[in-house]
Every structure is written in structure tokens, then in C-alpha cells.
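Worksheet: the structure to be examined is printed underneath.
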Amino acid sequence: MKIKYDITPEQYTAIEERRSEMPGVVLEVQPLRAYPLGDIAAHVLGYMGEINEQQLQAMSDQGYRIGDFIGQSGLERYLEQELHGRAGGRQVEIDALGRLVRELGVVEPVPGNDAILTIDAALQQRAEYALQATLFRRQAAGFEDARAGAAVVLDVRTGEILAMVSEPDFNPNDFVTGIPLAKWRELNTDPASPMVNRAIKSSYPPASTFKMVTAAAALEEGVSFPGETFDARGGIYRVTANEVRKCWYQPYGGHGIVDIPEALAKSCNIAFYELGRRLFEVRNRTDSEVLARYARMFGLGEATGLKSLPGEEAGRLPDSANKVALFGDANIYLGDYLNLAIGQGFMQYTPLQMARYVAAIANGGLVYRPYLVKEIRSPSGEIVTQTEPEVVSRLEVSPRTLKTLQLGMYLTTVLETDEGYGTAYGIFESLEAAGIAVAGKTGTVQLGMEDVDNHGWFVGYAPADPDPFDDIPVEPEIALAVIVEHGGGGAAAAAPVAREIFEYYFRSRLPESPSPPGLPDQIQPAP
């Protein structure tokens with residue numbers, strides 16, 4: 001059995017000098033995993049650890065032995081059989097002092113296969129630095145608990161995951177020879193949970209980023225129609241004679257007269273309260289789970305089917321089953337639907353689900369299975385397996401409805417009126433000026449607790465079509481979702497992260513400009 005790993009040169013020399021006094025002691029050179037980018041993509045890659053007794057019993061017939069290090073989480077675990085290869089060895093004869101007499105036989109080692117990932121290493125680095133910098137800036141701005149978040153970037157044409165970020169993180173290099181117990185305890189008792197991959201294992205209420213689902217449901221169910229306007233002057237919505245609800249923009253006089261695209265852009269709660277009321281009536285008449293059905297159609301509230309990372313959370317749909325599980329009451333009331341229509345209430349989704357939802361809006365209605373492993377290649381370079389894009393469903397909504405959502409998301413970044421702006425107005429101005437239009441939606445998760453700051457969302461895609469209804473289509477390339485825990489509003493907390501990601505992805509098409517504060521000027525891609 002192995003007694004000690006990773007000994008120092010001084011220890012090696014001392015043992016060699018006294019080898020004759022230690023019969024049976026063998027110095028063995030062992031290859032170790034190295035992560036040259038440190039903590040970059042840590043939750044995606046995972047970490048190695050010494051094989052335990054249970055794993056050894058299950059894998060001993062595959063050539064594993066005591067002391068082997070195997071993948072324990074992330075892709076390291078998922079791809080263990082592909083990457084491991086087969087150990088070599090020598091059969092030798094030695095004398096009583098442990099000295100080599102002769103070599104009886106040699107078994108050559110067999111290298112494992114190589115895995116080609118969908119991750120863009122340079123984009124992953126940039127996304128991580130952008131999120132870290134934003135967390136730092138939000139803390140400096142008084143949001144002291146803004147210490148965690150996540151971001152996911154997808155190729156809308158394939159479902160490839162180009163970047164997956166979760167903060168805080170860990171360094172897989174700490175695990176390659178066995179992590180010290182004190183360090184392991186530190187990681188697992190940290191209140192910020194650095195070992196949790198928030199991109200797939202944490203779910204959050206979607207806030208106003210859900211309003212595209214509400215709009216789609218209203219248009220497709222026929223309770224609203226293209227071109228309909230809503231009177232949001234004053235910013236007050238009367239539910240009953242004795243109950244009113246206010247828009248977040250009510251202190252400024254309300255959003256004026258808005259149609260659905262403008263209501264999306266301004267995130268006008270008044271319009272969406274009205275759509276929520278109408279959908280509640282549909283629920284009572286013909287479809288008891290109408291809003292949940294549309295959420296599921298967009299890929300929300302269920303695991304995405306990502307095969308390579310275990311433990312993906314399903315999230316929670318706005319249906320009776322989840323309400324009774326949470327509150328012991330299966331009844332869904334009008335007040336519930338008003339909350340759900342603006343993205344608050346008892347539903348939750350992961351950042352990966354949110355990115356896929358937006359990708360489906362961008363690409364014309366295709367819901368892809370996201371994936372991380374593009375190819376497995378043999379040591380000689382031969383392709384062993386290759387992942388093909390997989391469409392798992394199609395949105396059952398009309399092209400006109402999709403274009404209405406796309407227009408509203410585009411206006412979110414550019415709309416400027418006397419009755420308010422798009423909620424991300426100005427943040428993407430430099431990209432727009434350079435010819436890269438961004439469509440998006442902000443969201444602020446109202447946690448409803450005193451002295452607890454809200455979470456901030458931004459979801460979006462680019463390049464966007466400034467006029468989805470014309471005959472000259474613009475083909476989007478990437479979609480993303482960003483969540484900043486306790487960072488405040490989505491425009492201030494999450495949209496700047498998205499801007500840096502878009503800016504870096506489209507860097508070859510933009511005029512040169514200095515990096516914003518807190519981000520490095522140069523990021524070297526992985527070798």
C-alpha cells in the first residue's frame with residue numbers, strides 16, 4: 001500500500017540513501033492530474049480523490065487498486081472510465097537488500113482517451129472574472145452578502161455549453177494528492193457553499209425574466225392579441241374594490257400606455273397583472289395548470305437532461321402539486337396568479353434551465369439538450385464517440401408570438417421613452433453602436449425579508465434582430481443566464497456580467513476598447 005504521496009526531493013534522497021535499511025520500501029513515480037488554470041471551471045471539471053473501499057469493491061475487476069486516484073465529481077467522475085487508461089508494471093527479482101537482480105517482465109501502460117469539451121476556455125475565464133468583479137463591486141456598493149452567483153452560456157444553435165460559472169469555487173489542484181482534512185472541512189462548512197455548482201444545483205424564483213412565458217401563454221390562449229395596449233398610467237392595478245397592487249415604477253407615475261413588447265421592455269407589472277388575471281380565468285375554465293404548462297414547454301421546472309454532471313436540480317413549476325408540497329394547500333388563488341405572472345411566488349429554476357429557455361426564444365422555438373462533451377478521442381486521435389445536437393422538444397407557439405417576445409427583449413436594452421426606459425437601457429449601448437444588438441430581460445427576486453438583499457437576474461441572447469417582423473433575419477449565436485445572489489436589481493447586479501460575456505464573445509467584431517474596471521486586459525486561452 002502507498003504510505004505517502006508527493007514527497008519532497010529531500011525526503012526522496014534520504015530514502016534512497018538508506019534503502020538497504022528499509023526492505024520492502026519502494027519509491028514509485030506516479031503521474032498526477034494538473035489543472036493549469038487553477039479554479040477555472042472547477043465545478044465543471046470536478047476533482048480527483050483516492051478510491052474508497054466501496055468504489056474499490058465495485059471497480060476492482062477493472063484494474064483499480066488501493067491507492068488509485070479516480071474522479072470524484074464533475075466531468076472527472078463522469079469520464080473516469082474514458083480517461084483512466086490502464087496502469088503498467090514491472091515484474092522484477094530482488095535480493096535480500098531490495099536491490100534489483102533482474103527484470104522478469106514488463107506490462108506497458110495504456111493511456112486513456114481524450115475528452116474534447118464544448119467549453120470555450122477563454123470565454124469561461126472571462127465569465128468567471130466578470131462575475132467575480134461584479135460581486136466585488138456590489139459588496140463595495142453596500143450589498144455585503146453579494147458573495148455568490150452563477151452564469152451559463154449556451155450556443156443557441158446546438159445546445160453546447162460554452163461556459164458554466166459558479167461562484168465561489170474551489171481549486172481542483174488541492175485534491176490531486178489527497179486534500180488535507182482541515183481544508184476539506186473549510187470548504188464544506190463555508191456558508192457560501194463553494195462546493196455547490198449553482199448553475200445546475202441551485203434554483204431561484206425567476207422574477208421578471210419569467211414574463212416572456214406569461215406573454216406567450218396569454219397570446220396563445222387568446223386572452224390577449226398582438227397590438228393590444230394596457231393602461232399603466234399611475235402604476236396602480238386594482239384587483240378588487242378593496243385591493244390594489246402597485247408597479248415598481250409607480251413612484252414615477254407609471255409606464256403609460258404599453259403593448260406587450262413595451263411591457264416586457266419596461267417590465268411593467270400592471271400589464272402582467274392583467275395578463276395573470278386573464279390566465280387565472282383560463283385556469284378556472286379549461287386548463288387547471290395553464291401557466292405551469294407553458295413554463296414546462298419552455299424547458300423550465302424539469303432537469304435539462306445534461307448527462308455529464310450528476311445531481312441536476314429539477315426546479316419547481318407553478319402548479320398545484322408544488323403548492324400543496326410547500327404550503328399544504330392545493331388551491332391556487334387569483335393572488336397567486338398575479339404573483340406568478342410577474343415571476344414571483346412558488347416557482348424556481350436553475351441558471352441552466354433559464355439559459356435554455358432564452359435560447360429557445362432566440363433560435364425560433366427549439367429546446368435543445370445541453371451538453372459538455374463534444375468528442376471522445378483515442379490516444380491516436382481517432383474519434384471514439386461524438387455528441388450530436390439533440391432537440392428534445394419544440395415550442396408550440398406561433399412564429400408571431402415568438403417574434404413578439406424577441407422584440408420585447410430587444411427593446412429591453414434600447415427603449416427610451418418619456419414614461420420610462422427598457423430596464424437594461426444603456427448597459428449594452430457600446431455593443432449596439434458596434435453593430436451587435438442584444439436582447440434580454442432583467443429580473444429582481446423579491447425575497448421579502450427585512451435586511452436581506454434581493455437576487456438579480458439577467459437573461460439574454462445576441463446578436464438580436466432589431467426588427468423580428470422584417471424579412472431580413474438575424475441569426476442569434478449565444479444565449480446566457482446570470483444570477484447574482486443578494487446583489488440587488490438585475491440591471492445593476494447581473495446585466496453588467498452579461499455585457500462582459502457578450503463583449504468578449506464578439507470581440508473580433510468590435511472596435512478595440514479597454515476592459516472595464518476589475519477585469520484583466522488579457523486572458524490567455526487554455527493550451
If I take atom [atom1] from residue [X] and atom [atom2] from residue [Y], how far apart are they, to the nearest 0.5 angstrom?
X      : Y      : atom1 : atom2 : result
Leu162 : Leu123 : CG    : CG    : 6.5 Å
Met212 : Thr404 : CE    : OG1   : 13.0 Å
Thr134 : Tyr129 : OG1   : OH    : 14.5 Å

Inset, instruction - Decide side chain to side chain donor-acceptor pair (under 3.5 Å) for Tyr425 and Glu416; before the verdict, give the C-alpha distance in whole Å, the side-chain angles of both, and the deciding distance to 0.1 Å. - result: CA-CA 7 Å; Tyr425 172 77; Glu416 179 184 12; 3.0 Å; yes
Inset, instruction - For Ala263, check side chain to side chain contact (heavy atoms under 4.5 Å, CB included) against everything at least two apart and list the hits. - result: Val258, Cys268, Ala271, Phe272
Legend entry - By side chain to side chain contact (heavy atoms under 4.5 Å, CB included) - contacts of Ile472 (at least two apart): Asp470
Non-hydrogen side-chain atoms of [X] and [Y] separated by less than 4.5 Å:
X      : Y      : answer
Met347 : Leu317 : no
Leu340 : Phe346 : yes
Thr118 : Val373 : no
Leu264 : Met409 : no
Asp231 : Ile257 : yes

Inset, instruction - Determine, step by step, whether Phe298 and Ile361 satisfy the side-chain contact (heavy atoms from CB on, under 4.5 Å) criterion, reporting the C-alpha distance in whole Å, the side-chain angles of both residues, the deciding distance to 0.1 Å, and the verdict. - result: CA-CA 8 Å; Phe298 279 92; Ile361 295 173; 3.8 Å; yes
Going by the salt bridge (Lys or Arg N to Asp or Glu O under 4.0 Å) test, which pairs reach into [range], not counting sequence neighbours?
range            : answer
residues 429-449 : none
residues 259-271 : Glu262-Lys266
residues 208-226 : Glu221-Arg293
residues 141-161 : Asp155-Arg157, Glu160-Lys374

Could you tell me which non-hydrogen atom of [X] sits nearest to which non-hydrogen atom of [Y], and how far apart they are?
X      : Y      : answer
Pro261 : Leu411 : CB-CD1, 4.1 Å
Tyr410 : Ala437 : CE1-CB, 3.7 Å
Pro351 : Ile483 : CG-CG2, 3.8 Å
Ala265 : Leu415 : CB-CD2, 3.9 Å

Legend entry - CA sep, side-chain torsions, deciding dist, call: Asn339, Asp336, side chain to side chain donor-acceptor pair (under 3.5 Å): CA-CA 5 Å; Asn339 285 340; Asp336 293 323; 5.4 Å; no
Could you tell me whether [X] and [Y] make a salt bridge, using a distance below 4.0 angstrom between a side-chain N and a carboxylate O?
X      : Y      : value
Arg296 : Glu289 : no
Glu128 : Arg126 : no
Glu302 : Arg369 : no

[X] side-chain N/O to [Y] backbone N/O, donor-acceptor pair under 3.5 Å:
X      : Y      : answer
Glu312 : Thr304 : yes
Asn363 : Leu366 : yes
His486 : His455 : no
His43  : Arg198 : no
Thr442 : Ala495 : no
Glu503 : Leu431 : no
Thr189 : Arg185 : yes
Gln139 : Ala146 : yes
Thr240 : Asn242 : yes
Thr413 : Ala439 : no

Contacts of [X] that satisfy ring pair (Phe, Tyr, Trp, His ring centres under 6.0 Å) - sequence neighbours left out:
X      : answer
Tyr294 : none
Phe280 : Tyr337
Tyr461 : none

Legend entry - Worked verdict on Ser203 versus Glu313 for side chain to side chain donor-acceptor pair (under 3.5 Å): CA-CA 7 Å; Ser203 58; Glu313 186 171 322; 2.4 Å; yes
Inset, instruction - Report the C-alpha separation of Thr401 and Ser398 in whole Å, then their side-chain angles, then the decisive distance to 0.1 Å, and conclude whether the side chain to side chain donor-acceptor pair (under 3.5 Å) test is met. - result: CA-CA 5 Å; Thr401 291; Ser398 69; 3.1 Å; yes
State, without any angle test, whether [X] and [Y] hold a side-chain donor-acceptor pair at a distance under 3.5 Å.
X      : Y      : result
Glu477 : Tyr505 : yes
Thr423 : Thr412 : no
Glu485 : Tyr204 : yes

Exceeds 12 heavy-atom contacts within 6.0 angstrom, atom [atom1] of [X]:
X      : atom1 : answer
Phe506 : CZ    : yes
Arg507 : CZ    : yes
Arg233 : CZ    : no
Phe136 : CZ    : no

Inset, instruction - Could you tell me how the ring of Tyr349 sits relative to the ring of Phe210: parallel (under 30°), tilted (30 to 60°) or perpendicular (over 60°)? - result: parallel
Inset, instruction - State which residues pass side chain to side chain donor-acceptor pair (under 3.5 Å) with Arg278; sequence neighbours excluded, sorted by chain then number. - result: Glu228, Glu274
Legend entry - Contacts of type side chain to side chain donor-acceptor pair (under 3.5 Å), residue Arg138, not counting sequence neighbours: none
Legend entry - Pairs where residues 252-271 contributes a residue and the test ring pair (Phe, Tyr, Trp, His ring centres under 6.0 Å) is met, not counting sequence neighbours: Trp248-His255, Tyr249-Tyr252, Tyr249-His255
Inset, instruction - Identify which one of Leu275, Ile270, Asn269 satisfies the side chain to side chain contact (heavy atoms under 4.5 Å, CB included) criterion when paired with Ile342. - result: Asn269
Inset, instruction - Please step through salt bridge (charged side-chain N to carboxylate O under 4.0 Å, His left out) for the pair Glu396 and Arg394, ending with a clear verdict. - result: CA-CA 6 Å; Glu396 297 177 6; Arg394 297 172 185 267; over 6 Å; no
